[in-house]
Amino acid sequence: MPFSPPERFNIADYFLEARLREGRGEHTAILTEEDELTYAQVLEAANRFGNVLRGMGVQPEQRVMIALSDIPEYVAALFGILKIGAAVVMVNPGLSVKEIEYFLAYTRAVALVTHSESLPAFEEARAAIHDHLQAVLVVDDPGFDARLAAASPELETYPTHRDDAAIWLFSGGTTGFPKAVLQTHASYANSTECYAKEVIGYSERDVTLAVPKLFFGYATGSNLLFPFAVGGTSVLYPEPCTVDVLFEKIERFRPTILVNVPTMVNRMLADPAASAYDLSCLRVSTSAGEALPVELHRRWDEAYGVELLDGLGTAEMWHIFISNRPGDVRPGTLGKAVPGFEVRVCDEEGRELPAGDTGWLWVRGGSRALGYWQQMEKTKQAFRGEWYVSGDMLRRDEEGYFTYCGRGDDMLKVSGKWLAPGEVESRLLEHPGVKEAAVVGVTDDDGLTKPHAYVVLSPDLSDGARKDPARLEAELQTFVREGLAPYKYPRRIVFVDELPRTHLGKVDRGAIRRTASR
């Protein structure tokens, strides 16, 4: 059943203060290369942050933007903002000036928490627009520590309503700027109860380590809020996550839960020493954010023998609502609906389709967002009563397992039949010469849609093969035709050094389509 919090409810209390009432104040909450922080220390830091922000004029319900790497100050700022009743806006600290201009103007944030490396871009953006920033905190500024130390370590938590906006998430961004999704305090607790506790089974013994960064809602939950909800431990590191960094952090901290994404799964497996690394500390690894090809899942199982739990979540329903489960993993599927959520596969008219048919994702549960900020038409299209109607297309089998087919605007109608790009991408990944692949639809001279593939070649591919791209293209096309229905093979294969990605690190299919149409 969905979680039912009281009317006055603040997730700073649910995720943090409640741990001290349970007697877990001295339990380790955060691990870094330099430090180890207890729940009591995190709460004190959050109280000081909240008092500093309140002293700078920040009021309940106003927005405060966090643009930080994954460091303890991020956590303290997030809970400090929530404790004073304000709403958190999380953004990538590496945004371009143009992107910052958009986020500042769109969210009307009144305060910013960042570090000196990101500050110049924010200052340049502010100079170009009429922004609403009243206060800026720079966490590595020489005076920051003194300012924080002078603030009171005590702070009463503001009695927010369970339906108040807590943390703004962002959806979309492949065809334009992202939409702000207003998620409530109740939503964050509901997904924690239904998914984190009931499906993954987070406990105080778990140590979590994430590939995606905290500004991505998937990581906000899986590597911060979920372990905090049970007294577990979150590992944080500021540097970008490369394969070498990830394996070093696993060796250093020995996590029990790895929060992963398919792109990194692919890179881990492409490492020449992949099978030599010891991942025996892991009890599970999760995968979300983009489709996980069955071929990658198979290779992961062979290399590591650690259960890889693919799942699907959206900002609009905060976090994962379809998932494989420990002890019940079916590669190539997303698993089953998370308890507390109802998932349907429907046609264009909203009628539920029978098992085996491909259709649109409809989902309802206690984590539905309030809507999109300043996007009423899109809100009305996506939020229909209790239901969120996604742009994703799925297929459900007789046993209740869902298979991801793709975004509706990514699905292709080829020769009168539906084609899921992920199916072709998965087949291409089975070829030893392919490291990454993305398939998009391109309209030919006759006005018909045909699949084109953009491929990043494996570093193991011989120089001879690289020097004859036409022959390699023909070889890959034949390889796809041999494994899939003939109409699915890519009519053209373009070899690229890397695939474009969105601000959240997902493959930017919109950018690929725009390139293909030129």
Side-chain angles (χ1 to χ4, degrees), residues 2-3 5 9-20 22 24 27-31 37 39 42-43 45-46 49 66 68 70-83 86-90 157 160 162 164-170 181-204 206-236 255-259 284 286 288-289 311 313-315 317-321 323 338 340 365-367 369:
F3 179 62
F9 181 74
N10 188 308
I11 55 172
D13 180 83
Y14 173 84
F15 287 112
L16 181 55
E17 291 178 287
R19 303 295 81 76
L20 275 72
E22 295 164 353
R24 291 188 170 106
H27 286 213
T28 300
I30 297 173
L31 284 174
L37 299 176
Y39 279 93
V42 172
L43 177 59
F49 250 104
I66 300 178
L68 291 173
D70 285 15
I71 54 178
E73 288 84 354
Y74 194 121
V75 181
L78 183 144
F79 285 117
I81 294 164
L82 294 169
K83 288 203 69 176
V88 177
V89 175
M90 306 182 300
T157 299
T160 51
R162 63 191 172 205
D164 282 344
I167 304 174
W168 285 28
L169 304 173
F170 292 93
V181 179
L182 274 60
Q183 275 291 10
T184 67
H185 287 263
S187 289
Y188 289 97
N190 180 73
S191 289
T192 302
E193 295 291 329
C194 296
Y195 170 71
K197 294 184 179 181
E198 191 161 346
V199 172
I200 305 301
Y202 276 76
S203 78
E204 66 177 9
D206 279 315
V207 177
T208 63
L209 176 70
V211 171
K213 294 302 183 179
L214 288 177
F215 67 83
F216 186 9
Y218 170 38
T220 314
S222 294
N223 194 40
L224 176 58
L225 301 184
F226 296 164
F228 269 49
V230 295
T233 302
S234 169
V235 174
L236 300 181
T256 60
I257 298 176
L258 176 62
V259 184
V284 294
T286 61
T314 65
M317 292 297 293
W318 188 63
H319 224 278
I320 293 172
F321 51 82
S323 181
V338 168
S367 300

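Positions are given from 1, in the same order as the sequence printed here. Just so you know, these numbers use all the heavy atoms, side chains as well, and skip hydrogens, waters and symmetry mates. Remember, it's a predicted structure, so these values are computed and weren't measured experimentally.
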ask   = Can you list the residues that meet the side-chain contact (heavy atoms from CB on, under 4.5 Å) rule with T314, with sequence neighbours excluded?
value = E316, M317, F321, Y388, D392

query = Can you name the side-chain contact (heavy atoms from CB on, under 4.5 Å) partners of K83, sequence neighbours left out?
reply = A12, E17, L43, N47, L155, T157

query = Between F215 and W168, does the ring centroid distance fall short of 6.0 Å?
reply = no

inquiry  = For a quick test of reading the model, state the closest non-hydrogen atom pair linking V42 to F228 and the distance between them.
reply    = CG1-CE2, 4.1 Å

message = So does H185 get a backbone contact from the side chain of R162, meaning a donor-acceptor N/O pair under 3.5 Å?
response = no

task = Output all residues satisfying salt bridge (Lys or Arg N to Asp or Glu O under 4.0 Å) with E204, sequence neighbours left out; order by chain, then residue number.
result = R24

ask   = Can you name the nearest heavy-atom pair linking F226 to A196, along with the distance?
value = CG-CB, 3.4 Å

inquiry  = Please check this pair: side chain of D70 against backbone of L236, looking for a donor-acceptor N/O pair closer than 3.5 Å.
reply    = no

task = Mind checking side-chain hydrogen bond (donor to acceptor under 3.5 Å, both in side chains) for T192 and listing every partner two or more places apart, or none if nothing turns up?
result = none

key: Short side-chain to backbone donor-acceptor contact, Q183 and Y188, under 3.5 Å   = no

query = What residues, two or more places apart in sequence or in another chain, satisfy side-chain hydrogen bond (donor to acceptor under 3.5 Å, both in side chains) together with T233?
reply = none

ask   = Which atom pair, heavy atoms only, marks the closest approach of P212 to A219?
value = O-CB, 3.5 Å

query = For E193, which residues count as a salt bridge (Lys or Arg N to Asp or Glu O under 4.0 Å) partner, sequence neighbours excluded?
reply = K197

query = Who pairs with D206 by salt bridge (Lys or Arg N to Asp or Glu O under 4.0 Å), at least two apart in sequence or on another chain?
reply = R283

message = Any heavy-atom pair between the side chains of P227 and Y202 that's under 4.5 Å?
response = yes

key: Y74: ring pair (Phe, Tyr, Trp, His ring centres under 6.0 Å) partners, not counting sequence neighbours   = none

Side chain T220, main chain L214, donor-acceptor under 3.5 Å = yes

remark   = By side-chain hydrogen bond (donor to acceptor under 3.5 Å, both in side chains), Y218 pairs with (sequence neighbours left out) T286

query = Closest heavy-atom contact between G289 and F216?
reply = CA-CZ, 4.2 Å

request  = Would you please name every residue forming a side-chain hydrogen bond (donor to acceptor under 3.5 Å, both in side chains) with D13, sequence neighbours left out?
outcome  = R21

ask   = Could you state the interatomic distance from OG1 (T160) to CZ (F9), rounded to the nearest 0.5 Å?
value = 8.0 Å

query = With sequence neighbours left out, what residues match S367 under side-chain contact (heavy atoms from CB on, under 4.5 Å)?
reply = S187, N190, S191, F341

request  = For V88, check side-chain contact (heavy atoms from CB on, under 4.5 Å) against everything at least two apart and list the hits.
outcome  = I66, L78, I81, L82, M90, I167

